[in-house]
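Contents: one structure, followed by commentary.
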Amino acid sequence: MKADFEFEPVLRRTTNECQLPRKHASFIMSKRIGISMVLVVCGVVGAAAQDADARLEAYFRDYLDAHFQQQPLEGTRLGDHRFDHLLDDVSKEARDQWEALARRTLRQLPRAVDKDELSRAGRIDFEILEHELRKTLWLMENTRPFEEDPRAYNAYLSDGVYMLLTQSTLPLETNIANSIARMAQIPRVVEAAKANLRRPPGQHLETAIRQNQGAIAFYETGLFELAGDTEQLDALKTSAAEVVSVLKEYHEFLDGELRSRADGEWRLGRRKFSRKLELVLDAGYGADEVLRDAEAEFERVRRDLYVLARQLWSRYFAGEPLPPDDPEGRRATTARVLEAIGREHGKPEELVRDARATVERLTSFIRENDILRLPEPDRCEIIEMPEFRRGNALAYLDAAPPLEPATASYYAISPPPSDWDAERVRSFLEEYNRHMLQVLSIHEAYPGHYVQLEYANRVPSLIRRVLGSGVYIEGWAVYTEQMMLDQGYGDRDPALRMSQLKFYLRAVANAILDHRMHCARMSEDEALRFLVEDAFQSEGEARLKVVRSKQSSVQLSTYFVGRMAHYRLRQEIQRELGDEFSLGRYHEAVLEQGSVPVKYLPELVRARLNRPR
């Protein structure tokens, strides 16, 4: 009751300020409608709140200006090209200034903007910025990637140039000139890496070595494929040759001196993992709660897989008796049917063509079934993944940056790398068979990452465009996989449904693996058995996932936590609205908020659904 008495004066003051008719104000008071809902009913945000919101955006822009000057690569990644000719100074002294900027911005934020004066939307943006700064400072204080992880330098060695040639709307010759300027600064980055790196974990070093080899190949060949016919070709070749020489020398350092002391600890530990998860996910869940939910969901999905496997058994094993209905028999039944489904795959040279055909079917289905309104114009290009980026997954999305939203997004499909042997190619194609290609296209493109990030790039809030929540982003993509099949995509093919469930089981297993590896000292052999025997992953896929779990923490949990948040909210609102629920209208209400932390979604989506579509 106390909360109600504290809440009432705020509501009363808000309705009075909106000058609502008495009957409307009485209705709001009787229903205990939230303040954000009152503002929706009012249709008015006061002039003072507008001014405060504008001050908050101006303060954030000032911060970004300083941030991009310190870290030009981040500016390029987000679509600000003022500093494309520069690379970050990653020395200890420069990184201390990064921390000083974040600390000063956080300290001065409440002085620059009075939170109480902001609109409700502005207060959410204020909290997003405040949380981002607190998270950044915690990570700076409690993790040391520039001392402990040689991979931290690889983005400066290749991505800084690659992004200029693929996702900038500036003239090609300008981008090439900026690329040449950045390439001249790569020796400084390499020298800083040599000075900073101490005792990295061995697995981190192995990946850094492979990525550095990929960077060498990029400057030997891939760079010129992207640059095309240019008058600056001679200067580009000269700069690239110098970079190749520097990177080959850096390889000797990585594979020699640094390898001799690569005995660092990769596990984050329970205390740091729990705090990092709370900060990075910002979803209102603790580490132990995420693990409990994931373990329960893991068993549910395995049961659903077995039910489908029984239905499909006779399709693939006609005349052969179904294995016994006991734990081992159920596991064997599911595994064998999944293996049979995996053999239904395309040819390596036809993967891109197959992806384009899949996208045509998906977009037609979305329009015909009012799943949501697709972005116009459609800026998604389906391409063959560059050779130097292949080997880890079949597909990824390079989304248009939020500060340059008119550029293309690239849905990249990877044929197997050219140096793989026949057995490795076979395993890769079976893991990413024609059914899984459809699930991936839902996840990465339609209506997953591409559609969601296009919506996010169009929200008015600069803070929401730039500071997107990974939990929201990954959760939406995973949510759409099941949703599309539930609505009838794929002609209700049980093989497609099994592939979707297997892919989702991978997301659930990610959260379990993430926690157990960093908090429970799960061994590599235990992790492999869990992924292969319990989660039905191929050995090659499982080994890559174990490597990833050792090289990251918390990120693997974002898929499951985000999906559950999206799924649960959908169920709640659909139950509340009953026959008035419209799937397309609901999805648009979710997407129009931008990539906000999922803890804000219930309030924001309900408020949006009170306005016309």
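- Using modelled atom types, one side-chain atom of N433 and one backbone atom of M436 make a donor-acceptor pair closer than 3.5 Å.
- If you take CZ on R199 and NE2 on H204, they are separated by 14.0 Å, rounding to the nearest 0.5 Å.
- Proximity of a side-chain donor or acceptor of R270 to a complementary backbone N or O of A520 within less than 3.5 Å is not detected.
- Checking D89 against S91 by side-chain atom types alone, a donor-acceptor pair falls below 3.5 Å.
- By the salt bridge (charged side-chain N to carboxylate O under 4.0 Å, His left out) test, R77 pairs with E74, sequence neighbours left out.
- Separating the CG atom in L236 from the CD1 atom in I176 is a distance of 6.0 Å, to the nearest 0.5 Å.
- Close placement of the H515 and F273 rings is indicated, their centers lying within 6.0 Å of each other.
- The main-chain N or O of H251 is never found under 3.5 Å from a side-chain atom of D255 such that the two would form a donor-acceptor pair.
- L544 has its side chain out of reach of R548: every pair of non-hydrogen atoms, C-beta onward, lies at least 4.5 Å apart.
- For the pair R464 and Y600, the cation-pi test (distance below 6.0 Å, angle within 45°) is failed.
- With contacts defined as side-chain heavy-atom distances shorter than 4.5 Å, the pair L462/L64 qualifies.
- R303 has no carboxylate O lying under 4.0 Å from a charged side-chain N of E299, or vice versa, which leaves the two without a salt bridge.
- Between I512 and F560 the shortest side-chain heavy-atom distance does not fall below 4.5 Å.
- Of the possible polar contacts, one joining the H518 side chain to the S552 backbone as a donor-acceptor pair under 3.5 Å is found.
- Every pair passing ring-ring contact (aromatic ring centres under 6.0 Å, His included) that includes a residue from residues 68-103 is listed here, sequence neighbours excluded: W98-F146.
- R151 places a side-chain N or O within 3.5 Å of a backbone atom of Q551 that can act as its donor or acceptor partner.
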Criterion side chain to side chain contact (heavy atoms under 4.5 Å, CB included) on T334 and K502, from CA distance to verdict: CA-CA 10 Å; T334 304; K502 177 187 175 182; over 6 Å; no
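- Side chain of K276 to backbone of V554: no donor-acceptor contact under 3.5 angstrom is found.
- Residue R261 qualifies as enclosed at atom CZ: its count of foreign heavy atoms under 6.0 Å is above 12.
- Distance alone, capped at 3.5 Å, is enough to place a donor-acceptor pair between the T558 side chain and the Q555 backbone.
- Surrounding CD of E539 are at most 12 heavy atoms belonging to other residues, nucleotides or ligands under 6.0 Å away.
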Worked check of salt bridge (charged side-chain N to carboxylate O under 4.0 Å, His left out) between E132 and K135: CA-CA 5 Å; E132 178 69 20; K135 179 187 73 176; 3.1 Å; yes
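- Contact annotation: the side chain of I209 never approaches that of P150 to less than 4.5 Å [non-hydrogen atoms, C-beta and beyond].
- Using a 4.5 Å heavy-atom cutoff, the side chains of M498 and L305 are in contact.
- The shortest side-chain heavy-atom distance between M163 and L73 falls under the 4.5 Å cut-off.
- No hydrogens or angles considered: a donor-acceptor pair under 3.5 Å links the side chains of E297 and Y504.
- Using a 3.5 Å distance cut-off with no hydrogens or angles, the side chains of Y63 and Q108 do not pair a donor with an acceptor.
- Between the side chain of R198 and the backbone N or O of A195 there is at least one donor-acceptor pair closer than 3.5 Å.
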R521 vs E526, salt bridge (charged side-chain N to carboxylate O under 4.0 Å, His left out): CA-CA, chis, key distance, verdict: CA-CA 10 Å; R521 305 199 68 82; E526 290 171 335; over 6 Å; no
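- Contact between S168 and N175 at its shortest, heavy atoms only, is OG-OD1, 3.0 Å.
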Residues E431, R506; criterion salt bridge (charged side-chain N to carboxylate O under 4.0 Å, His left out); working and verdict: CA-CA 12 Å; E431 183 69 23; R506 184 184 304 180; 2.7 Å; yes
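- In summary, the side chains of T207 and R210 do present a donor paired with an acceptor at a separation below 3.5 Å, with no hydrogens or angles considered.
- Proximity of a side-chain donor or acceptor of R182 to a complementary backbone N or O of L86 within less than 3.5 Å is detected.
- Side chains of N457 and P402 form a contact here, defined as non-hydrogen atoms less than 4.5 Å apart.
- Between A400 and S409, the shortest heavy-atom contact is N-OG, 2.9 Å.
- When atom types are taken as modelled, the side chain of N196 and the backbone of V90 share a donor-acceptor pair closer than 3.5 angstrom.
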What pairs of donor and acceptor atoms, side-chain ones from residues 472-479 against any protein atom, are under 3.5 angstrom apart with sequence neighbours left out?
unit_1	atom_1	unit_2	atom_2	d
Y472	OH	V590	O	2.9
E474	OE1	H449	NE2	3.2
W476	NE1	P447	O	2.7
Y479	OH	R570	NH1	2.9
Y479	OH	H587	NE2	2.8

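- Using a cut-off of 4.0 Å between Lys/Arg side-chain N and Asp/Glu carboxylate O, D288 and R292 are scored as not salt-bridged.
- Using a 4.5 Å heavy-atom threshold, the side chains of F218 and L157 count as separate.
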Steps toward salt bridge (charged side-chain N to carboxylate O under 4.0 Å, His left out) verdict (E524, K550): CA-CA 9 Å; E524 185 169 333; K550 294 168 72 174; 3.2 Å; yes
Candidate pair W138 and K272, rule side chain to side chain contact (heavy atoms under 4.5 Å, CB included), full reasoning: CA-CA 10 Å; W138 187 91; K272 284 188 177 181; 4.3 Å; yes
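- The two residues A294 and V508 come nearest to each other via the heavy atoms O-CG1, 3.2 Å.
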